[in-house]
Novice: 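Pasting a structure here, questions to come.
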Amino acid sequence: MTAVTRSSSGAARDMSYAAVMGRKVEIMRGALGIDYDTYELTPLAFDYDRMMADTGYTIERIAEIQAETKVGRTPLHELCNLTDAVRRISQPGKGARILLKDEAANASGSFKARRASISCYEARTRGYAGVATATSGNYGAAVASQAAMRRLRCIVLQEVFDSHGVGQPEIIEKSRACEAYGAAVQRLSVGPELFYQMLVTLETTGFFNASLYTPFGIRGVETLGAEIGREVQERYGAPPAAVVVTQAGGGNLTGTARGLREVGCETSTVVACSVDLGGLHMASDVDFNRKSFTTGHTGFGVPFATWPDRTDVPRNAARSLRYMDDYQLVTQGEVFYVTELLTKLEGLERGPAGNTSLTAAVALAAQLGENETVVVQETEYTGAGKHHNRQLSFARERGIEISTGDPAGNVPGQRIVIPDNLTQVQGRAQDLDRLRRSYLKNAAKVLDPAAWTDTDVDYVAAETNSTREWVLANVPTTEGS
(Lines give C-alpha, C1' and ligand atoms only; values in the text may rest on other atoms or scores of the structure.)
Protein backbone atom coordinates (compact mmCIF):
# COMPACT_ATOMS: atom_id res chain seq x y z
CA MET A 1 0.00 0.00 0.00
CA THR A 2 1.31 3.45 -0.90
CA ALA A 3 1.62 5.84 2.02
CA VAL A 4 -0.48 8.98 1.56
CA THR A 5 -0.56 12.03 3.78
CA ARG A 6 -1.56 15.65 3.51
CA SER A 7 0.73 18.63 3.16
CA SER A 8 0.34 21.88 5.11
CA SER A 9 -2.01 23.08 2.36
CA GLY A 10 -4.27 20.06 2.86
CA ALA A 11 -3.47 18.37 -0.46
CA ALA A 12 -3.10 14.58 -0.51
CA ARG A 13 0.44 13.44 -1.32
CA ASP A 14 2.10 10.12 -2.16
CA MET A 15 4.77 9.77 0.56
CA SER A 16 6.61 6.78 -0.85
CA TYR A 17 10.38 7.24 -1.02
CA ALA A 18 10.45 7.52 -4.82
CA ALA A 19 7.57 10.02 -4.91
CA VAL A 20 9.05 12.26 -2.23
CA MET A 21 12.51 12.26 -3.82
CA GLY A 22 10.88 13.08 -7.13
CA ARG A 23 9.39 16.21 -5.57
CA LYS A 24 12.58 17.36 -3.84
CA VAL A 25 13.14 20.42 -6.06
CA GLU A 26 9.54 21.55 -5.55
CA ILE A 27 9.77 20.96 -1.78
CA MET A 28 13.06 22.82 -1.47
CA ARG A 29 11.81 25.78 -3.46
CA GLY A 30 8.79 26.11 -1.19
CA ALA A 31 10.88 25.74 1.97
CA LEU A 32 13.53 28.31 1.00
CA GLY A 33 12.12 30.72 -1.53
CA ILE A 34 15.30 30.36 -3.60
CA ASP A 35 14.99 29.41 -7.27
CA TYR A 36 18.36 27.79 -7.79
CA ASP A 37 17.66 27.36 -11.51
CA THR A 38 18.15 31.08 -12.06
CA TYR A 39 21.83 30.75 -11.12
CA GLU A 40 22.63 27.88 -13.49
CA LEU A 41 25.09 28.90 -16.23
CA THR A 42 25.75 25.45 -17.71
CA PRO A 43 25.03 21.90 -16.56
CA LEU A 44 28.22 22.27 -14.47
CA ALA A 45 28.72 25.95 -13.67
CA PHE A 46 26.53 28.34 -11.68
CA ASP A 47 26.79 31.96 -10.64
CA TYR A 48 27.95 31.52 -7.04
CA ASP A 49 28.75 35.16 -6.38
CA ARG A 50 25.33 36.34 -7.57
CA MET A 51 23.58 33.73 -5.45
CA MET A 52 25.41 34.98 -2.36
CA ALA A 53 24.81 38.64 -3.20
CA ASP A 54 21.10 38.07 -3.78
CA THR A 55 20.56 37.48 -0.07
CA GLY A 56 20.56 41.27 0.09
CA TYR A 57 22.57 41.56 3.31
CA THR A 58 25.66 43.58 4.13
CA ILE A 59 28.00 42.42 6.87
CA GLU A 60 26.91 45.41 8.92
CA ARG A 61 23.25 44.43 8.65
CA ILE A 62 24.04 40.80 9.52
CA ALA A 63 25.88 41.99 12.65
CA GLU A 64 22.84 44.06 13.68
CA ILE A 65 20.51 41.07 13.27
CA GLN A 66 22.84 38.82 15.24
CA ALA A 67 23.14 41.32 18.07
CA GLU A 68 19.35 41.06 18.55
CA THR A 69 19.69 37.37 19.46
CA LYS A 70 22.89 37.25 21.52
CA VAL A 71 25.25 36.34 18.68
CA GLY A 72 28.60 37.81 17.68
CA ARG A 73 31.13 40.24 19.14
CA THR A 74 32.73 37.32 20.98
CA PRO A 75 36.04 37.70 22.86
CA LEU A 76 39.38 37.28 21.06
CA HIS A 77 41.81 35.94 23.65
CA GLU A 78 45.59 35.90 23.35
CA LEU A 79 46.69 32.52 24.69
CA CYS A 80 49.82 33.81 26.40
CA ASN A 81 50.69 30.66 28.36
CA LEU A 82 50.19 28.34 25.42
CA THR A 83 52.21 30.69 23.19
CA ASP A 84 55.04 30.64 25.73
CA ALA A 85 54.92 26.82 25.80
CA VAL A 86 55.22 26.71 22.00
CA ARG A 87 58.12 29.16 22.01
CA ARG A 88 60.03 26.99 24.47
CA ILE A 89 60.02 24.10 21.98
CA SER A 90 60.63 26.24 18.86
CA GLN A 91 63.74 27.52 17.17
CA PRO A 92 64.96 30.99 18.28
CA GLY A 93 62.74 33.71 16.87
CA LYS A 94 59.93 31.25 16.15
CA GLY A 95 56.63 30.80 17.95
CA ALA A 96 53.84 33.01 16.68
CA ARG A 97 51.35 34.41 19.18
CA ILE A 98 48.22 32.26 19.29
CA LEU A 99 44.83 33.97 19.49
CA LEU A 100 41.52 32.24 20.09
CA LYS A 101 38.09 33.53 19.08
CA ASP A 102 35.85 32.28 21.89
CA GLU A 103 32.67 31.39 20.02
CA ALA A 104 31.40 29.45 23.03
CA ALA A 105 30.21 32.89 24.20
CA ASN A 106 27.43 32.87 21.57
CA ALA A 107 23.91 31.87 22.48
CA SER A 108 23.87 28.03 22.25
CA GLY A 109 27.65 27.86 22.75
CA SER A 110 29.18 27.63 19.28
CA PHE A 111 29.79 29.57 16.06
CA LYS A 112 26.80 27.72 14.58
CA ALA A 113 24.62 30.40 16.19
CA ARG A 114 25.87 32.77 13.50
CA ARG A 115 24.69 30.37 10.80
CA ALA A 116 21.31 29.85 12.40
CA SER A 117 20.67 33.53 13.11
CA ILE A 118 20.05 34.67 9.55
CA SER A 119 18.00 31.61 8.61
CA CYS A 120 15.68 32.15 11.56
CA TYR A 121 15.48 35.88 10.81
CA GLU A 122 14.55 35.07 7.20
CA ALA A 123 11.93 32.56 8.32
CA ARG A 124 10.34 35.07 10.68
CA THR A 125 10.44 37.90 8.15
CA ARG A 126 8.84 35.76 5.44
CA GLY A 127 6.06 34.59 7.71
CA TYR A 128 6.98 30.92 8.19
CA ALA A 129 5.54 29.32 11.32
CA GLY A 130 8.68 27.34 12.05
CA VAL A 131 12.06 26.04 10.94
CA ALA A 132 13.44 22.56 10.41
CA THR A 133 16.98 21.26 10.06
CA ALA A 134 18.78 17.93 9.76
CA THR A 135 22.00 17.73 11.80
CA SER A 136 23.59 15.68 14.55
CA GLY A 137 25.77 18.55 15.69
CA ASN A 138 25.83 21.94 17.36
CA TYR A 139 23.81 23.42 14.55
CA GLY A 140 20.60 21.82 15.78
CA ALA A 141 21.00 23.51 19.15
CA ALA A 142 21.84 26.78 17.42
CA VAL A 143 18.68 26.67 15.28
CA ALA A 144 16.57 25.74 18.31
CA SER A 145 18.04 28.62 20.32
CA GLN A 146 17.56 31.19 17.56
CA ALA A 147 14.05 29.91 16.82
CA ALA A 148 13.10 30.34 20.48
CA MET A 149 14.15 34.00 20.39
CA ARG A 150 12.33 34.60 17.10
CA ARG A 151 9.20 32.86 18.41
CA LEU A 152 9.32 30.12 15.79
CA ARG A 153 8.56 26.45 16.16
CA CYS A 154 11.55 24.18 15.53
CA ILE A 155 12.08 20.58 14.42
CA VAL A 156 15.54 18.99 14.48
CA LEU A 157 16.25 15.66 12.77
CA GLN A 158 19.28 13.83 14.13
CA GLU A 159 21.24 10.67 13.33
CA VAL A 160 21.82 9.47 16.88
CA PHE A 161 21.97 5.66 17.07
CA ASP A 162 23.51 2.65 15.42
CA SER A 163 21.34 -0.37 14.65
CA HIS A 164 21.77 -1.62 18.24
CA GLY A 165 20.24 1.55 19.64
CA VAL A 166 23.58 2.82 21.01
CA GLY A 167 24.05 6.56 20.72
CA GLN A 168 27.27 8.53 20.92
CA PRO A 169 27.48 10.60 24.13
CA GLU A 170 28.29 13.78 22.19
CA ILE A 171 25.26 13.46 19.92
CA ILE A 172 22.98 12.58 22.84
CA GLU A 173 24.17 15.73 24.63
CA LYS A 174 23.41 17.83 21.56
CA SER A 175 19.97 16.22 21.38
CA ARG A 176 19.40 17.25 25.00
CA ALA A 177 20.43 20.81 24.16
CA CYS A 178 17.99 20.98 21.24
CA GLU A 179 15.13 19.92 23.49
CA ALA A 180 16.21 22.36 26.21
CA TYR A 181 15.75 25.22 23.72
CA GLY A 182 12.27 23.94 22.89
CA ALA A 183 12.81 21.99 19.67
CA ALA A 184 10.99 18.80 18.75
CA VAL A 185 13.73 16.25 18.03
CA GLN A 186 13.32 13.29 15.68
CA ARG A 187 16.04 10.76 16.46
CA LEU A 188 17.12 8.42 13.66
CA SER A 189 19.64 5.65 13.24
CA VAL A 190 22.55 6.17 10.85
CA GLY A 191 21.58 5.62 7.23
CA PRO A 192 20.15 7.17 4.07
CA GLU A 193 16.72 7.99 5.49
CA LEU A 194 17.73 11.35 6.98
CA PHE A 195 17.27 13.33 3.75
CA TYR A 196 13.95 11.62 2.99
CA GLN A 197 12.65 12.39 6.48
CA MET A 198 13.76 15.99 6.13
CA LEU A 199 11.83 16.37 2.88
CA VAL A 200 8.74 14.80 4.45
CA THR A 201 9.01 17.15 7.42
CA LEU A 202 9.32 20.25 5.23
CA GLU A 203 6.43 19.24 3.00
CA THR A 204 4.02 18.28 5.76
CA THR A 205 4.74 21.26 8.02
CA GLY A 206 5.43 24.02 5.52
CA PHE A 207 8.38 25.09 7.69
CA PHE A 208 11.43 27.02 6.49
CA ASN A 209 14.46 24.90 5.61
CA ALA A 210 17.17 26.13 7.97
CA SER A 211 19.78 24.06 6.16
CA LEU A 212 23.44 24.40 7.00
CA TYR A 213 24.20 24.99 3.33
CA THR A 214 21.99 27.87 2.22
CA PRO A 215 23.40 31.30 1.37
CA PHE A 216 21.79 32.64 4.56
CA GLY A 217 23.79 30.26 6.76
CA ILE A 218 27.12 31.05 5.11
CA ARG A 219 26.50 34.79 5.08
CA GLY A 220 25.91 34.55 8.85
CA VAL A 221 29.45 33.24 9.40
CA GLU A 222 31.01 36.14 7.51
CA THR A 223 30.78 38.33 10.61
CA LEU A 224 33.12 35.89 12.36
CA GLY A 225 35.87 36.42 9.79
CA ALA A 226 35.24 40.18 9.74
CA GLU A 227 35.46 40.46 13.53
CA ILE A 228 38.74 38.52 13.56
CA GLY A 229 40.25 40.59 10.76
CA ARG A 230 39.28 43.96 12.21
CA GLU A 231 40.33 43.19 15.77
CA VAL A 232 43.70 41.65 14.88
CA GLN A 233 44.57 44.60 12.65
CA GLU A 234 43.54 47.10 15.32
CA ARG A 235 45.42 45.30 18.09
CA TYR A 236 48.62 44.30 16.27
CA GLY A 237 48.74 46.59 13.24
CA ALA A 238 48.68 43.81 10.64
CA PRO A 239 46.35 41.07 9.41
CA PRO A 240 46.77 37.61 10.96
CA ALA A 241 49.45 35.51 9.27
CA ALA A 242 47.11 32.52 9.39
CA VAL A 243 43.56 31.74 10.45
CA VAL A 244 42.96 28.08 11.24
CA VAL A 245 39.45 26.70 10.69
CA THR A 246 37.99 23.33 11.58
CA GLN A 247 36.88 21.75 8.29
CA ALA A 248 33.78 19.58 8.04
CA GLY A 249 30.98 20.55 5.65
CA GLY A 250 32.89 23.69 4.67
CA GLY A 251 30.56 26.44 5.89
CA ASN A 252 32.83 27.46 8.73
CA LEU A 253 35.79 27.99 6.42
CA THR A 254 33.78 29.54 3.58
CA GLY A 255 32.06 32.15 5.74
CA THR A 256 35.19 32.99 7.73
CA ALA A 257 37.33 33.44 4.62
CA ARG A 258 34.72 35.63 2.95
CA GLY A 259 34.54 37.81 6.07
CA LEU A 260 38.32 38.14 6.23
CA ARG A 261 38.42 39.30 2.62
CA GLU A 262 35.65 41.80 3.30
CA VAL A 263 37.86 43.64 5.82
CA GLY A 264 41.11 43.58 3.85
CA CYS A 265 42.79 40.40 5.09
CA GLU A 266 43.47 38.91 1.63
CA THR A 267 47.06 38.04 2.63
CA SER A 268 46.01 35.92 5.61
CA THR A 269 46.53 32.20 4.97
CA VAL A 270 43.29 30.28 5.49
CA VAL A 271 44.18 26.89 6.93
CA ALA A 272 41.65 24.06 7.07
CA CYS A 273 42.06 21.39 9.73
CA SER A 274 40.31 18.04 10.19
CA VAL A 275 40.74 15.08 12.49
CA ASP A 276 42.12 12.17 10.47
CA LEU A 277 39.51 9.40 10.51
CA GLY A 278 40.84 7.68 7.41
CA GLY A 279 39.49 4.15 7.02
CA LEU A 280 36.17 4.80 8.79
CA HIS A 281 33.09 5.10 6.60
CA MET A 282 30.75 7.80 7.85
CA ALA A 283 27.59 6.01 6.67
CA SER A 284 28.64 2.66 8.12
CA ASP A 285 26.59 1.27 10.98
CA VAL A 286 29.70 -0.58 12.20
CA ASP A 287 31.95 2.49 12.09
CA PHE A 288 29.38 4.96 13.42
CA ASN A 289 30.35 4.54 17.09
CA ARG A 290 34.03 3.85 16.49
CA LYS A 291 34.88 7.50 15.95
CA SER A 292 35.32 9.93 18.82
CA PHE A 293 34.57 13.01 16.72
CA THR A 294 31.16 13.49 15.17
CA THR A 295 32.23 16.48 13.06
CA GLY A 296 35.41 18.25 11.99
CA HIS A 297 36.90 15.06 10.58
CA THR A 298 38.02 13.79 7.19
CA GLY A 299 34.81 11.81 6.69
CA PHE A 300 33.08 15.13 6.04
CA GLY A 301 36.00 17.48 5.40
CA VAL A 302 37.46 15.74 2.36
CA PRO A 303 34.24 14.76 0.49
CA PHE A 304 32.72 18.20 0.95
CA ALA A 305 35.92 19.91 -0.21
CA THR A 306 36.12 17.78 -3.35
CA TRP A 307 32.41 18.02 -4.20
CA PRO A 308 30.28 20.42 -2.16
CA ASP A 309 26.96 19.66 -3.86
CA ARG A 310 26.17 16.55 -1.81
CA THR A 311 23.72 18.30 0.51
CA ASP A 312 20.03 18.89 1.14
CA VAL A 313 19.92 21.92 -1.18
CA PRO A 314 20.50 21.98 -4.96
CA ARG A 315 23.60 24.19 -4.71
CA ASN A 316 25.74 24.32 -1.60
CA ALA A 317 26.77 27.83 -0.51
CA ALA A 318 29.68 26.31 1.47
CA ARG A 319 32.49 25.82 -1.05
CA SER A 320 35.62 25.45 1.05
CA LEU A 321 38.12 24.54 -1.68
CA ARG A 322 37.53 27.99 -3.22
CA TYR A 323 39.00 29.63 -0.12
CA MET A 324 41.46 27.05 1.22
CA ASP A 325 45.20 27.82 1.20
CA ASP A 326 46.34 24.84 3.29
CA TYR A 327 44.75 21.72 4.76
CA GLN A 328 46.19 20.10 7.90
CA LEU A 329 45.22 16.76 9.43
CA VAL A 330 45.58 15.96 13.14
CA THR A 331 44.97 12.79 15.12
CA GLN A 332 42.28 12.25 17.73
CA GLY A 333 44.94 11.88 20.42
CA GLU A 334 46.56 15.20 19.52
CA VAL A 335 43.23 17.00 19.85
CA PHE A 336 42.50 15.40 23.24
CA TYR A 337 45.98 16.42 24.44
CA VAL A 338 45.59 20.05 23.30
CA THR A 339 42.10 20.17 24.82
CA GLU A 340 43.60 19.27 28.19
CA LEU A 341 46.42 21.77 27.65
CA LEU A 342 43.97 24.60 26.96
CA THR A 343 42.23 23.84 30.23
CA LYS A 344 45.39 23.56 32.33
CA LEU A 345 47.36 26.46 30.81
CA GLU A 346 44.62 28.93 29.87
CA GLY A 347 41.76 28.08 32.23
CA LEU A 348 39.36 27.50 29.32
CA GLU A 349 37.44 24.24 29.23
CA ARG A 350 36.10 23.86 25.71
CA GLY A 351 34.82 20.97 23.62
CA PRO A 352 37.34 18.80 21.73
CA ALA A 353 35.69 19.26 18.32
CA GLY A 354 36.19 23.01 18.56
CA ASN A 355 39.82 22.45 19.55
CA THR A 356 40.67 20.66 16.30
CA SER A 357 41.87 23.91 14.74
CA LEU A 358 43.77 24.83 17.93
CA THR A 359 45.77 21.64 17.53
CA ALA A 360 46.90 22.60 14.03
CA ALA A 361 47.57 26.17 15.21
CA VAL A 362 50.04 24.90 17.82
CA ALA A 363 52.08 23.09 15.18
CA LEU A 364 51.82 26.03 12.78
CA ALA A 365 52.84 28.62 15.38
CA ALA A 366 56.11 26.77 15.98
CA GLN A 367 57.03 27.35 12.33
CA LEU A 368 56.18 31.06 12.16
CA GLY A 369 57.98 34.11 13.53
CA GLU A 370 57.25 35.29 17.08
CA ASN A 371 55.99 38.63 15.74
CA GLU A 372 53.33 36.92 13.64
CA THR A 373 49.82 35.96 14.68
CA VAL A 374 47.90 32.70 14.28
CA VAL A 375 44.16 32.83 15.00
CA VAL A 376 42.05 29.86 16.04
CA GLN A 377 38.69 31.06 14.82
CA GLU A 378 36.26 29.21 17.08
CA THR A 379 35.62 27.29 20.27
CA GLU A 380 32.54 25.37 21.38
CA TYR A 381 30.97 24.68 24.77
CA THR A 382 31.67 21.43 26.55
CA GLY A 383 30.02 19.33 29.23
CA ALA A 384 28.19 16.03 29.68
CA GLY A 385 28.69 13.84 26.62
CA LYS A 386 30.73 16.49 24.80
CA HIS A 387 33.53 16.36 27.37
CA HIS A 388 36.71 14.65 26.17
CA ASN A 389 36.84 12.34 29.21
CA ARG A 390 33.38 10.97 28.39
CA GLN A 391 34.38 10.52 24.77
CA LEU A 392 37.47 8.57 25.78
CA SER A 393 35.40 6.42 28.14
CA PHE A 394 32.97 5.67 25.32
CA ALA A 395 35.88 4.68 23.08
CA ARG A 396 37.14 2.24 25.72
CA GLU A 397 33.65 0.78 26.01
CA ARG A 398 33.75 0.11 22.26
CA GLY A 399 37.04 -1.78 22.65
CA ILE A 400 39.28 0.98 21.32
CA GLU A 401 42.77 1.06 22.85
CA ILE A 402 43.77 4.29 24.62
CA SER A 403 47.48 4.88 25.19
CA THR A 404 50.10 7.63 25.41
CA GLY A 405 53.13 8.08 23.19
CA ASP A 406 53.79 8.97 19.59
CA PRO A 407 50.46 9.98 17.97
CA ALA A 408 51.72 8.56 14.67
CA GLY A 409 50.60 5.22 16.14
CA ASN A 410 46.96 6.34 16.04
CA VAL A 411 44.65 4.00 14.08
CA PRO A 412 41.12 5.42 13.64
CA GLY A 413 38.55 3.10 15.16
CA GLN A 414 41.20 0.93 16.81
CA ARG A 415 43.73 2.99 18.76
CA ILE A 416 43.88 6.54 20.15
CA VAL A 417 47.40 7.65 21.10
CA ILE A 418 47.66 10.76 23.27
CA PRO A 419 51.01 12.60 23.04
CA ASP A 420 53.42 12.66 25.98
CA ASN A 421 54.54 16.23 25.30
CA LEU A 422 53.93 19.27 23.10
CA THR A 423 56.72 18.46 20.64
CA GLN A 424 54.66 15.48 19.45
CA VAL A 425 51.80 17.71 18.30
CA GLN A 426 52.77 17.93 14.65
CA GLY A 427 49.80 17.42 12.35
CA ARG A 428 50.46 16.82 8.68
CA ALA A 429 49.63 18.62 5.47
CA GLN A 430 47.12 17.35 2.93
CA ASP A 431 48.07 17.50 -0.74
CA LEU A 432 45.78 20.25 -2.06
CA ASP A 433 46.49 19.36 -5.68
CA ARG A 434 45.25 15.84 -4.98
CA LEU A 435 42.02 17.31 -3.61
CA ARG A 436 41.73 19.58 -6.63
CA ARG A 437 42.16 16.65 -9.01
CA SER A 438 39.48 14.78 -7.10
CA TYR A 439 37.18 17.75 -7.63
CA LEU A 440 37.93 17.64 -11.37
CA LYS A 441 36.96 13.98 -11.52
CA ASN A 442 33.67 14.73 -9.79
CA ALA A 443 33.02 17.63 -12.15
CA ALA A 444 33.71 15.36 -15.13
CA LYS A 445 30.88 13.08 -13.94
CA VAL A 446 28.46 16.00 -14.23
CA LEU A 447 29.64 17.18 -17.65
CA ASP A 448 32.10 15.51 -20.02
CA PRO A 449 35.23 17.71 -20.13
CA ALA A 450 35.09 17.56 -23.91
CA ALA A 451 31.95 19.72 -23.63
CA TRP A 452 33.38 22.24 -21.15
CA THR A 453 33.12 25.83 -22.32
CA ASP A 454 35.27 28.78 -21.21
CA THR A 455 32.56 29.42 -18.61
CA ASP A 456 33.02 25.91 -17.20
CA VAL A 457 36.81 26.18 -17.10
CA ASP A 458 36.67 29.55 -15.33
CA TYR A 459 34.13 28.16 -12.87
CA VAL A 460 36.23 25.09 -12.05
CA ALA A 461 39.34 27.26 -11.63
CA ALA A 462 37.48 29.36 -9.07
CA GLU A 463 36.10 26.25 -7.38
CA THR A 464 39.57 24.75 -6.96
CA ASN A 465 41.34 28.01 -6.04
CA SER A 466 43.64 27.46 -9.02
CA THR A 467 44.03 28.84 -12.56
CA ARG A 468 42.64 28.11 -16.00
CA GLU A 469 46.06 26.77 -16.95
CA TRP A 470 46.11 24.33 -14.05
CA VAL A 471 42.59 23.11 -14.81
CA LEU A 472 43.36 22.53 -18.50
CA ALA A 473 46.56 20.70 -17.63
CA ASN A 474 44.82 18.39 -15.14
CA VAL A 475 41.33 17.88 -16.50
CA PRO A 476 40.46 14.16 -16.79
CA THR A 477 40.39 12.73 -20.27
CA THR A 478 37.39 10.82 -21.58
CA GLU A 479 39.29 7.64 -20.75
CA GLY A 480 39.30 8.74 -17.10
CA SER A 481 43.05 9.21 -16.73
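Just the heavy atoms: all of them, side chains too, but no hydrogens, waters or symmetry mates, feed the values below.
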Novice: With distance as the sole criterion, is a donor-acceptor pair present between the side chains of N316 and T311 under 3.5 Å?
Specialist: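 N316 vs T311: no donor-acceptor pair found between side chains.
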Novice: Any salt bridge linking E380 with R350? Criterion: basic side-chain nitrogen under 4.0 Å from a carboxylate oxygen.
Specialist: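 Judged by the 4.0 Å cut-off on N to carboxylate O distance, E380 and R350 do not form a salt bridge.
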Novice: Answer yes or no: is there a donor N or O on one side and an acceptor on the other, between the side chain of Q233 and the main chain of G229, under 3.5 Å?
Specialist: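 Here the side-chain-to-backbone pair exists.
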Novice: Can you name the side chain to side chain contact (heavy atoms under 4.5 Å, CB included) partners of R176, sequence neighbours left out?
Specialist: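 If we apply the side chain to side chain contact (heavy atoms under 4.5 Å, CB included) test to R176, skipping adjacent residues, the hits are E173, A180, Y381.
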Novice: If we count only N and O atoms by modelled type, under 3.5 Å, do the side chains of S145 and K70 hold a donor and an acceptor together?
Specialist: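 Their side chains do not contain a donor-acceptor pair, so the 3.5 Å distance test is not met.
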Novice: Looking at Y57 and R219, what are the two nearest heavy atoms and their distance?
Specialist: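 So the two residues come closest at O-NH2, 2.8 Å.
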Novice: Please name the pair of heavy atoms, one in D326 and one in A429, separated by the smallest distance, quoted to 0.1 Å.
Specialist: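 D326 and A429 have their closest heavy atoms at OD1-CB, 4.4 Å.
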Novice: Measure from the side-chain N and O atoms of E227 to the backbone N and O of R73, and report whether any donor-acceptor pair falls under 3.5 Å.
Specialist: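 Judged by distance alone, yes, a pair lies under 3.5 Å.
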Novice: Using a cut-off of 6.0 Å, state whether more than 12 heavy atoms not belonging to R151 lie near its atom CZ.
Specialist: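 No - once you tally the heavy atoms of other residues, nucleotides and ligands closer than 6.0 Å, there are 12 at most.
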Novice: Treating T256 as the side-chain partner and L253 as the backbone partner, does any N or O pair qualify as donor plus acceptor under 3.5 Å?
Specialist: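 Absent.
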Novice: With distance as the sole test, does N474 use its side chain to make a donor-acceptor pair with the main-chain N or O of V471 at under 3.5 Å?
Specialist: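 It does not hold such a pair.
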Novice: Could you tell me whether a side-chain N or O of T201 sits under 3.5 Å from a main-chain N or O of Q197, the two making a donor and an acceptor?
Specialist: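 Here the side-chain-to-backbone pair exists.
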Novice: Kindly say whether A116 contributes a backbone atom to a donor-acceptor pair with the side chain of S119 at under 3.5 angstrom?
Specialist: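 Absent.
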Novice: Considering only heavy atoms from C-beta outward, does the side chain of Y323 approach that of N465 to under 4.5 Å?
Specialist: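 Heavy-atom side-chain distance check fails, nothing below 4.5 Å.
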Novice: Is there side-chain contact between R115 and V143, with heavy atoms separated by less than 4.5 Å?
Specialist: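 Result no, sub-4.5 Å side-chain heavy-atom pair not found.
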Novice: Could you give the distance from CZ (R258) to CG (D49), rounded to the nearest 0.5 Å?
Specialist: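 Interatomic distance, R258 CZ to D49 CG, rounded to 0.5 Å: 6.5 Å.
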Novice: Answer yes or no: is there a side-chain heavy-atom contact under 4.5 Å between N252 and L224?
Specialist: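 A side-chain contact exists here, since the closest heavy-atom pair is under 4.5 Å.
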Novice: Are the side chain of S274 and the backbone N or O of Q247 linked by a donor-acceptor pair below 3.5 Å?
Specialist: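 Side chain of S274 to backbone of Q247, a donor-acceptor pair under 3.5 Å: yes, one is there.
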Novice: State, without any angle test, whether S292 and Q391 hold a side-chain donor-acceptor pair at a distance under 3.5 Å.
Specialist: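 Looking only at side-chain atoms, Q391 and S292 do not form any donor-acceptor pair under 3.5 Å.
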Novice: Between Y439, Y327, Y213, which is the residue that forms a ring-ring contact (aromatic ring centres under 6.0 Å, His included) with F304?
Specialist: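 By the ring-ring contact (aromatic ring centres under 6.0 Å, His included) criterion, F304 pairs with just one of Y439, Y327, Y213: Y213.
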Novice: If you round to the nearest 0.5 Å, how far is OG1 of T295 from CD1 of I171?
Specialist: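 These two atoms lie 10.0 Å from each other.
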Novice: Taking Q158's backbone N and O only, do any of them form a donor-acceptor pair with R187's side chain (distance below 3.5 Å, no angle check)?
Specialist: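 No; zero donor-acceptor contacts below 3.5 Å.
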Novice: Would you say T455 and D458 are linked by a side-chain donor-acceptor pair, where the criterion is simply a distance under 3.5 Å?
Specialist: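 Judged by distance alone, the side chains do not pair up.
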Novice: Does the side chain of Y121 come within less than 4.5 Å of T69's, by heavy atoms?
Specialist: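 Sidechains of Y121 and T69: no contact.
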Novice: Has the side chain of D47 got a donor or acceptor atom that lies under 3.5 Å from a matching backbone atom of R50?
Specialist: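 Side chain of D47 to backbone of R50: a pair is present.
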Novice: Taking T55 for the side chain and F216 for the main chain, is one N or O donor matched with an acceptor at less than 3.5 Å?
Specialist: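 The answer is no, because no donor-acceptor pair under 3.5 Å joins these two groups.
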Novice: Does a salt bridge link R322 with E463, judged by any charged N lying under 4.0 Å from a carboxylate O?
Specialist: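 Looking at R322 and E463, the cut-off is met.
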Novice: In the structure I gave you, are the side-chain heavy atoms of V271 and V374 within less than 4.5 Å of one another anywhere?
Specialist: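 Side chain of V271 against side chain of V374, heavy atoms only: no contact under 4.5 Å found.
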Novice: Is a side-chain donor-acceptor pair under 3.5 Å present for E103 with T74?
Specialist: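 Yes, side-chain donor-acceptor contact under 3.5 Å.
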